[in-house]
Number of protein chains: 2
Amino acid sequence: MLERMKSYKTYSAGETILWRGEPMEFVASVVAGVASLSKTMEDGRTQMVGLLLPSDFIGRPGRTHVEFDVVATTDLTLCRFERKPFEKLVIDTPHVAQRLMEMALDELDAARDWMILLGRKTAREKIATFLELLARRSEVDMVKAQISVNLPMTRDQIANFLGLTLETVSRQLNAMKKDGIIGFSGRKELEVLNVAALRDATGDDADGGMII
Amino acid sequence: MLERMKSYKTYSAGETILWRGEPMEFVASVVAGVASLSKTMEDGRTQMVGLLLPSDFIGRPGRTHVEFDVVATTDLTLCRFERKPFEKLVIDTPHVAQRLMEMALDELDAARDWMILLGRKTAREKIATFLELLARRSEVDMVKAQISVNLPMTRDQIANFLGLTLETVSRQLNAMKKDGIIGFSGRKELEVLNVAALRDATGDDADGGMII
DNA sequence: CGTTGGGTTGATATATGTCAAAGAGCGTGG
DNA sequence: CCACGCTCTTTGACATATATCAACCCAACG
C-alpha cells in the first residue's frame with residue numbers, strides 16, 4: 001500500500017518547494033503549515049492562485065510539471081509519495097481516481113469563486129472574504145463565542161493573494177478593526193468580534209457556500 | 001454506445017441554459033456558437049468564470065448541480081447526452097474517466113491563468129490577452145498573413161469576462177486600433193494587424209503558453 | 001541595544017469607474 | 001423600402017478607489 005512509500009519532509013517559511021515548469025517527482029499532502037501556489041509575470045507582478053492548508057493535496061495524475069511556483073508560506077510539513085507508484089495506484093484503484101477527480105473539481109469551484117473576488121470585489125470585500133475563509137478553516141472558541149484567526153502570511157503575501165497592494169491590505173485591516181469587526185492580539189493574530197458584520201462585508205449572499 | 005442517446009438542441013443568444021443551483025439533467029458539448037459560465041453577486045455585479053467555445057464540454061461526473069449560470073452568448077448548438085447513461089459510461093470506461101480528468105485539469109489551469117489576469121493585469125493587457133485568446137482559437141488567413149477575429153460577445157459581456165466596465169473595454173479597443181495593432185471591419189469583426197505588438201501588450205512572456 | 005524585516009500612515013498620482021449624452025447599426029413593421 | 005425604435009457603442013467630463021512613493025514605527029532577535 002501507500003504506507004510503504006510515504007515520507008515526511010519539512011520546509012521552512014519562504015522556501016520554494018517547486019518552481020514553475022519543474023518536473024514533479026512526488027505528490028504530497030499538507031500535514032502542517034501553509035503553502036501557496038503563485039504565478040509571476042515578467043516584471044515581477046505576482047498573483048497567488050491557490051492556498052494549501054493542512055489536508056490539502058498537491059500533484060495530479062498525468063501531470064509531470066507544475067504551472068506555478070509552490071512556496072512554503074509558513075514552516076511546512078509535507079507527507080510525500082513518489083510519483084510513479086502513486087500513478088500506478090491511481091490506475092489500479094478506481095476509487096482513488098474518483099476521489100482525485102472530486103478534489104480537482106472542488107479546486108475548480110474554488111478557483112472560480114476567487115475569480116469573482118479578483119474581478120469584481122472591492123478591497124474591503126476582498127479582505128472580509130479572506131478573513132471569513134480563514135475563520136471557517138480554523139478553531140472556534142465556543143466559550144468566548146468568538147473566532148480567533150491566525151494570519152498565516154505577511155501583508156505582502158495577503159496582497160498577492162487578493163490582487164491588492166500591501167498598503168491597501170494594511171489600511172483595510174485597520175479600518176475593520178476601527179469598525180469593531182475584528183480585533184488584533186498580535187500582528188498575525190486576530191479575533192472576529194462581529195461575525196455577522198464580517199459576513200456582510202464579504203459581499204456574498206447571506207449564507208453563500210457556508211455549510212453551517 | 002453514446003451515439004444512441006445523443007440529441008441536439010439549439011439556444012438563441014442570451015438564453016440561459018442552466019441557472020446556478022439548478023439540477024443538471026444532461027452533459028453536453030458545444031457544437032457551434034459560444035456559451036459562458038458566470039457568477040453574479042447580490043447587487044448585480046457579474047463575472048464570467050469561463051467561456052465555452054466549440055468542442056468544449058459541460059458537465060461533470062458526480063456533480064448534479066452547477067455553481068454558476070450557463071448562458072448562450074451567441075446562438076448556440078449543443079450536443080447533449082442524458083446524465084444517467086453518461087455516468088454509467090464513465091464508470092465502465094476508465095479511458096473516458098481519464099479524459100474527463102484531463103479536461104478538468106486543463107480548465108483548472110485556464111482558471112488560474114485567468115486569476116492573474118483579473119488580479120494583476122491592466123485594462124490594456126486584459127484586452128490584449130483576450131484578443132490573443134480568440135485569435136489562437138480562430139482561423140488564420142495565410143494569404144493575407146493576418147488574423148481575423150470574430151468577437152463573439154458585446155462590449156458589456158467582454159467587460160464581465162475581463163473584470164472591467166464596458167466603457168473601458170470600448171476605449172481600450174479603440175486605443176489599440178489607433179495604435180495600429182488591430183483594425184475593425186465591423187463592430188464584432190476585427191483583424192490583428194500587428195501580431196507581435198499584440199503579444200507584447202498581453203504582458204505575458206514572449207511565447208507564454210503558445211504551442212508552435 | 002542596534003539592526004532588520006515587517007507594518008503603519010500620510011501625501012499624491014492615476015487608472016478605471018461612473019454618469020450622461022449622442023451616434024450607429026439593424027431588425028421590424030408600416 | 002423607408003423609417004422608427006431598439007440595443008449596442010462611442011465619447012466626454014468627472015469622481016474615486018486603489019496604487020505609488022516615502023517616511024516612520026515597532027517588535028523580535030541577534
Side-chain angles (χ1 to χ4, degrees), chain A residues 12-15 41 43-47 73-75 117-130 150-179 182-190 201 203, chain B residues 12-15 34 41 43-47 71-75 116-130 150-179 182-190 201 203:
Chain A
S12 46
E15 210 173 325
M41 295 173 66
D43 61 3
R45 280 176 282 177
T46 93
Q47 174 66 54
T73 302
T74 63
D75 288 342
L117 176 141
L118 292 172
R120 292 299 185 201
K121 287 192 178 180
T122 64
R124 170 174 262 246
E125 288 169 339
K126 287 177 176 182
I127 295 285
T129 305
F130 175 63
N150 178 273
L151 294 180
M153 20 163 91
T154 66
R155 304 291 185 263
D156 187 48
Q157 289 169 324
I158 296 172
N160 285 335
F161 194 34
L162 300 176
L164 297 170
T165 58
L166 64 158
E167 293 95 331
T168 301
V169 170
S170 176
R171 282 190 246 265
Q172 293 294 340
L173 239 20
N174 286 104
M176 292 187 75
K177 175 187 163 192
K178 203 167 62 187
D179 293 350
I182 58 175
F184 285 93
S185 48
R187 285 172 155 196
K188 298 194 166 180
E189 207 63 48
L190 59 85
Chain B
S12 45
E15 209 173 326
V34 178
M41 294 173 66
D43 62 3
R45 279 176 282 176
T46 93
Q47 174 66 53
V71 183
T73 302
T74 63
D75 288 343
I116 192 168
L117 176 141
L118 292 173
R120 293 299 185 200
K121 288 192 177 179
T122 65
R124 170 173 262 244
E125 287 169 339
K126 287 177 175 182
I127 294 286
T129 306
F130 174 64
N150 178 272
L151 294 180
M153 19 163 94
T154 66
R155 304 290 184 265
D156 186 48
Q157 289 168 324
I158 296 172
N160 284 334
F161 194 33
L162 300 176
L164 297 170
T165 59
L166 64 160
E167 293 94 332
T168 300
V169 170
S170 177
R171 283 190 248 263
Q172 293 295 339
L173 239 20
N174 286 103
M176 293 187 75
K177 175 187 163 192
K178 202 168 64 188
D179 293 350
I182 59 175
F184 285 93
S185 48
R187 298 225 261 195
K188 299 193 167 184
E189 207 64 47
L190 59 86

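So you know, we letter chains A, B, ... as the sequences are listed, proteins then strands, and number each from 1.
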Just by distance, with hydrogens left out, do B:S170 and B:E167 show a side-chain donor and acceptor under 3.5 Å apart? no
Measure the distance from CG on B:L166 to C1' on C:dG17 and round it to the nearest whole Å. 11 Å
Is there side-chain contact between A:M41 and B:K121, with at least one heavy-atom pair below 4.5 Å? yes
Please classify the nucleic acid contact of A:K188 as base, sugar-phosphate, or nothing, using heavy-atom distances under 4.0 Å. sugar-phosphate
Please report, rounded to the nearest Å, how far the C1' atom of C:dT16 is from the CD1 atom of B:I158. 17 Å
Under a plain distance cut-off of 3.5 Å, with no hydrogens placed, do B:N160 and B:R45 share a side-chain donor-acceptor pair? no
Is there a donor-acceptor pair closer than 3.5 Å between any side-chain N or O of B:Q47 and the backbone N or O of A:L117? no
Interatomic distance where CZ belongs to B:F184 and C1' belongs to C:dG25 [whole Å]: 15 Å
I'd like to check B:F184 versus B:L173 (side-chain heavy atoms, cut-off strictly below 4.5 Å). Are they in contact? yes
B:I127 CD1 to C:dA15 P, in whole Å, measures 16 Å
Which heavy-atom pair separates B:K126 from B:L118 by the least distance, and what is that distance? NZ-O, 3.9 Å
What contact category does B:R155 fall into here, base, sugar-phosphate, or nothing, at under 4.0 angstrom with non-hydrogen atoms? sugar-phosphate
Can you tell me how far apart CD1 (B:I127) and CG (B:L164) are? Round to the nearest 0.5 Å. 6.0 Å
Close approaches to DNA chain D from residues 116-125 of chain B, in residue order (heavy atom, under 4.0 Å): none
More than 12 foreign heavy atoms under 6.0 Å from NZ of B:K188: is that the case here? yes
Going by an N to O cut-off under 4.0 Å, is there a salt bridge joining B:D179 and B:R124? yes
Note, B:N174 side chain near B:K178 side chain (heavy atom, < 4.5 Å): no
B:V169 side chain reached by B:F161 side chain, heavy atoms, under 4.5 Å: no
Output the rounded distance in Å from CD (B:E189) to P (C:dC26). 11 Å
Along DNA chain D, first and last positions that approach a heavy atom of chain A under 4.0 Å: D:dT18 to D:dC26
Closest nucleotide of DNA chain C for B:G163 versus for A:T154: which of these residues is on the 5' side? A:T154
The correct set of residues in residues 167-177 of chain B placing a heavy atom under 4.0 Å from DNA chain C is B:E167, B:T168, B:R171
